[in-house]
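Everything below concerns the one structure shown next.
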Amino acid sequence: MIRCIFSRKVPKLSPSVISQMLRADRYGTSVYFSTDPCQPVRASGRTTSNRISRWGNNHSPALSVGKIRYCTQSAEALVSPCLQDPKENLSQHPAVQRLFKGLVEGQRASLAESITLVESVHRRKRAAAEALLQLVLEHLQQKRVKWKKPSAFRIGLTGPPGAGKSTFIEAFGKFLTDSGHKVAVLAVDPSSSTTGGSLLGDKTRMPELSRDMNAYIRPSPTSGTLGGVNRRTNEAIVLCEGAGYDVILVETVGVGQSEFVVADMVDMFVLLVPPAGGDELQGLKKGIVEVADLVVVNKADGDLLPAARRIQAEYTSALKFVRPRSQVWRPRVIRVSSLTKEGIPKAWDRMTGFRSKTWNSGELDMKRRRQHRVWMWNHIQDSMIKLFRQHPRVQRSIDAMEGRVMRGEVTPGAAADALLREFQKSPKTSNAEQIKQDEL
Ligand SMILES: Nc1nc2c(ncn2[C@@H]2O[C@H](COP(=O)(O)OP(=O)(O)OP(=O)(O)O)[C@@H](O)[C@H]2O)c(=O)[nH]1
């Protein structure tokens, strides 16, 4: 027996509603229904509830809802395709199809709407987003087979605050669009989850590029977790690629571990540094040089030129001690001036050199495949932690347990074991709790 809430907008139980009920029944959860998967129904006030029971036997299930009974055969026939592939129907949904069509035609509004959809945490919107992403991935796969290479070059860019990232992206992006490329800039800003705004996404940082019709700038706010950086940004990259952007720059401010996460989702990782050393570079994470494929010393102009030369030499010798990660590429250090634009074409030259060498050797392909596996595990990790934190029994004990750990009354390991035992005790949440979770 399950409790099911559905919208008054649904005049009678449609086939998809029945299938969702059966699916819900399978997992012992309650569900909301609406006629549009992108527009979830609010539970407050305008909903009705019905008791739904299953009848028949295991081989031929059927439903009765109130006084209405659904015959065994049709219920079975309706449910099985949906259970096999829950997204099958959503990918054909007009709203998803409309977004997909607009996206592959390169409409900026559709791209913006699609990114907003994948950023949603609502379960029904996420289902629509998954269906859309699947369509885009299939589209990209077809392109890849046709062109025999990925349609976009993904570049990660990081650097300490004040290194000149926005000035560099503005100059570099303009250089690329002037050469006929379409450039997407995704700015990953882990601080946005605490400040409520996205500093990197601020369009005033790149005024010229944000007016350019061949460029698309978008902040990629995070949910404050590494998984948040990973999943949303990752999916936004795929969408930009689907929308025909052939150079995708993923910029990160370098707070926490975000650069390392970004390094795991791009083809090439670029480190931008100012002509300064020692204390001024303290903002730079240890180990970041090891994952860089290219170090760009910015501000190599005017009075700063001698310092830029010195820093270039320092990084060049430091890189000699870094274990090579590629058979065909040694990380380089170059100088640019984002103000005078000197060195910008050379930077692009180095990047395309990296791309063709790693692609021809098969390394780039292997890297992308490996990244897919990393993303999958990151998604699982992210979802498992969310599930754990939302679990009602864990929620009830978590504060007390944290307090005890902090006071030294219990070891962190023992506390974790105790919470994990709570998590394992009751796999199902009550309907009321599930409804609360769905609304979050
Ligand atoms: N001389 C010189 N100054 C530059 C260059 N690039 C950037 N700057 C200056 O460096 C300062 C910081 O530049 P931004 O582009 O805002 O640096 P950022 O890394 O985006 O900084 P955050 O937003 O704080 O992370 C600005 O005053 C720029 O004018 C350059 O190539 N030469």
Side-chain angles (χ1 to χ4, degrees), residues 155-178 183-212 215-222 229 233 248-263 266 269-285 288-289 292 294-312 315 333-351:
I155 303 165
L157 182 85
T158 195
K165 292 183 291 298
S166 19
T167 319
F168 175 78
I169 293 176
E170 171 100 323
F172 184 61
K174 278 306 284 176
F175 166 78
L176 291 178
T177 55
D178 288 349
V183 182
V185 180
L186 296 171
V188 177
D189 185 355
S191 61
S192 63
S193 58
T194 43
T195 59
S198 191
L199 297 173
L200 287 181
D202 182 357
K203 291 201 169 156
T204 54
R205 294 171 74 233
M206 303 156 202
E208 256 195 86
L209 200 61
S210 51
R211 282 197 304 270
D212 192 324
Y216 179 81
I217 302 173
R218 169 95 183 196
S220 195
T222 72
V229 176
T233 313
I248 299 167
L249 280 171
V250 186
E251 177 195 10
T252 171
V253 76
V255 174
Q257 297 288 303
S258 62
E259 310 98 307
F260 297 98
V261 181
V262 169
V266 292
F269 195 66
V270 178
L271 172 66
L272 192 82
V273 289
D279 289 349
E280 287 136 300
L281 283 187
Q282 262 191 356
L284 210 55
K285 279 296 129 37
I288 197 68
V289 180
L294 182 70
V295 178
V296 177
V297 183
N298 191 28
K299 308 189 190 184
D301 51 48
D303 295 348
L304 293 170
L305 188 57
R309 283 206 185 102
R310 186 172 45 81
I311 293 295
Q312 183 185 19
Y315 272 95
V333 187
I334 57 165
R335 286 190 316 265
V336 303
S337 165
S338 304
L339 280 192
T340 66
K341 319 254 186 315
E342 210 171 314
I344 296 283
K346 190 172 176 186
W348 178 235
D349 202 44
R350 289 277 187 254
M351 290 179 201

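Counting starts at 1 for both ligands and their atoms, in listed order.
Heavy-atom proximity to G162, at under 4.0 Å, picks out these atoms of ligand 1: 12 (C), 17 (O), 18 (P), 19 (O), 21 (O), 22 (P), 24 (O), 25 (O). For ligand 1 and S338, the ligand atoms under 4.0 Å from any heavy atom of the residue are 6 (N), 30 (C), 31 (O). Proximity to K165 (heavy-atom distance under 4.0 Å) selects the following atoms of ligand 1: 15 (O), 17 (O), 18 (P), 19 (O), 20 (O), 25 (O). Per-residue contacts place D301 under 4.0 angstrom from the following atoms of ligand 1 (heavy atoms of the residue considered): 1 (N), 2 (C), 30 (C), 31 (O), 32 (N).
In terms of polar-atom proximity, L304 is not counted as a contact of ligand 1, lacking any N or O under 3.5 Å from an N or O of the ligand. An N or O contact shorter than 3.5 Å links A163 to ligand 1 by distance. When only interatomic distances are considered, the shortest N/O to N/O separation between L339 and ligand 1 falls below 3.5 Å.
A heavy-atom separation below 4.0 Å is found between S337 and ligand 1.
Closest to atom 28 (C) of ligand 1 by heavy atom, among T340, I169, T167, is T167. Ranked by closest heavy atom to atom 11 (C) of ligand 1, the top entry among M206, E251, E342, K299 is K299.
Surrounding CG of D178 are more than 12 heavy atoms belonging to other residues, nucleotides or ligands, all under 6.0 Å away.
The CD1 atom of I334 lies 7.0 Å from the CZ atom of R350; values are rounded to the nearest 0.5 Å.
Remark: side-chain polar atoms of E342 are not paired, donor with acceptor, to backbone N or O of D301 under 3.5 angstrom. At distances below 3.5 Å, at least one donor-acceptor pair connects side-chain atoms of K165 with backbone N or O atoms of P160. Judged by distance alone, with hydrogens and angles left aside, the side-chain atoms of E170 form a donor-acceptor pair with the main-chain N or O of L209 at under 3.5 Å. Put simply, the side chain of N298 gets close to the backbone of S338: a donor and an acceptor are under 3.5 Å apart.
Contacts between N298 and ligand 1 below 4.0 angstrom, taking non-hydrogen atoms only, involve the side chain exclusively.
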request  = Any chance you could lay out the side chain to side chain donor-acceptor pair (under 3.5 Å) test for T177 and D212, step after step, and finish with the verdict?
outcome  = CA-CA 8 Å; T177 55; D212 192 324; 2.8 Å; yes

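Contact check for F269 versus L294: no side-chain heavy atoms found under the 4.5 Å cut-off.
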